[in-house]
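By convention in this document, chain letters (A, B, ...) are assigned in the order of the sequence lines, proteins followed by strands, and residues within each chain are numbered from 1.
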Protein chains: 2
Amino acid sequence: MKLSAKGQYGVRAMVVLALNYRAGPMPIKEIAARENISSQYLEQIFLELRRADLISSVRGARGGYILARDPQEIKIGDIVRVLEGPIAPVDCVLEGSEEVCERTGDCLTRGVWEKLRDRITEVLDDISLEDMISTRKVSG
Amino acid sequence: MKLSAKGQYGVRAMVVLALNYRAGPMPIKEIAARENISSQYLEQIFLELRRADLISSVRGARGGYILARDPQEIKIGDIVRVLEGPIAPVDCVLEGSEEVCERTGDCLTRGVWEKLRDRITEVLDDISLEDMISTRKVSG
DNA sequence: TTTTATGTTTAGTAAATTAGTCGGGTTTTT
DNA sequence: AAAAACCCGACTAATTTACTAAACATAAAA
């Protein structure tokens, strides 16, 4: 039930981009230094985020990365799904796919995992980057 | 954000014990066969669950395992914590410990993870084994 | 136009974790 | 005594994680 370092790094880096939004592209090295992340590892993360159209890149000198859209349009869930895959506590309740295991029908555990998945999704899809940078404390 | 196989196996095995509650001890091999789990791996899992006082064992011929208390007294969260450790999407918001990272105060991501941890905890601590075996569908 | 700053991409890899297996115990009941 | 069950430590193969290396492509500035 843990987010991987990759997911955490991704969210932190996206928050930095959100803080820098409208100030032009920000080079990966600057973000990596600020957040104490290996810049080469962050490159790989940004590659995935770019392919998912959450950020866009500007090449060449004075280039860097920018959010692909406004901070309030990007939810934490969007970032997590790109970097960690579909949200689901167990594989048999993967979001999107209606795939089920052979024991469906008499599977007594499925209900809990679905409920858990839905609550996790609710939280992650409710909070945007804008929310994170505009409030010091997200109401519990 | 996935439960490990160990955690899933543990919950499934505990559900079987709940179904068998009051019918005397149930041998590990029977549970393992029924749930398609390696019985030697299940032994390791049961060892942890027993040490955590969630189940108790009866040795000798016709022995086996029984829930240590009533099914409604055992929450899914209890099982998950034993097998997966404290519930937390990221280490800096581990439940119980007030441990914080060096960036506390100006950490913008912390709030989301706390909220997420609390929602996960709510779900897992709300559902008991009794709930799982008495309802086919847990209301979403 | 050369230099340099930056992003792009593929490949590799060491450490950790996971998900078990193996092989023997010991204990208790029949 | 024998059978049925639990107890336990060591080992391991596969997978995942978290990077590193290195070369290349592109764009801007000098």
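Both A:Val58 and B:Gln40 sit near DNA chain D, but only B:Gln40 has its closest nucleotide nearer the 5' end. Two residues, B:Gly60 and A:Ala61, neighbour DNA chain D, and the one matched to the more 5' nucleotide by heavy-atom proximity is B:Gly60.
Ionic pairing of A:Arg119 and B:Asp126 is not present here: no N-O contact between side-chain nitrogen and carboxylate oxygen is shorter than 4.0 angstrom.
Distance check, rounded to the nearest 0.5 Å: CD1 of A:Ile79 to CZ of A:Arg81 gives 11.0 Å.
When all heavy atoms are compared, the tightest approach of A:Pro25 to A:Pro27 is O-CD, 3.9 Å.
B:Asp131 and B:Ser128 are linked by a side-chain donor-acceptor pair at a separation below 3.5 angstrom, with hydrogens and angles left out of the test.
With hydrogens and angles ignored, a donor-acceptor pair under 3.5 angstrom links the side chain of B:Gln44 to the base of C:dT21.
For the pair B:Tyr41 and C:dC22, the criterion of a side-chain N or O lying under 4.0 Å from OP1 or OP2 is not met. OP1 or OP2 of C:dT8 sits under 4.0 Å from a side-chain N or O of A:Ser57. Contact between the side-chain N/O atoms of A:Tyr9 and the OP1/OP2 oxygens of D:dC19 is found at a separation under 4.0 Å. Side-chain N/O atoms of A:Ser4 include none lying less than 4.0 angstrom from OP1 or OP2 on D:dT16. Between B:Arg51 and D:dC7, a side-chain N or O to OP1/OP2 separation shorter than 4.0 Å is absent. Distances shorter than 4.0 Å separate none of the side-chain N or O atoms of A:Ser38 from OP1 or OP2 on D:dA18.
Across all strands shown, A:Phe46 has no heavy atoms under 4.0 Å from either base or sugar-phosphate atoms. Using a 4.0 Å heavy-atom criterion, one finds that A:Lys6 contacts the sugar-phosphate atoms exclusively. Among the atoms of the strands shown, only primed sugar atoms or phosphate atoms (P, OP1, OP2) are found under 4.0 Å from some heavy atom of A:Tyr65.
As a whole-Å value, the separation of A:Glu43 CD from D:dA23 C1' is 12 Å. Between A:Arg62 atom CZ and C:dG7 atom P there is a gap of 13 Å when expressed in whole angstrom units.
Closest to the side chain of A:Arg59, out of D:dC8, D:dA27, C:dT9, is D:dA27.
For B:Arg117 (side chain) and B:Val93 (main-chain N/O), a donor-acceptor pair under 3.5 Å exists by modelled atom type.
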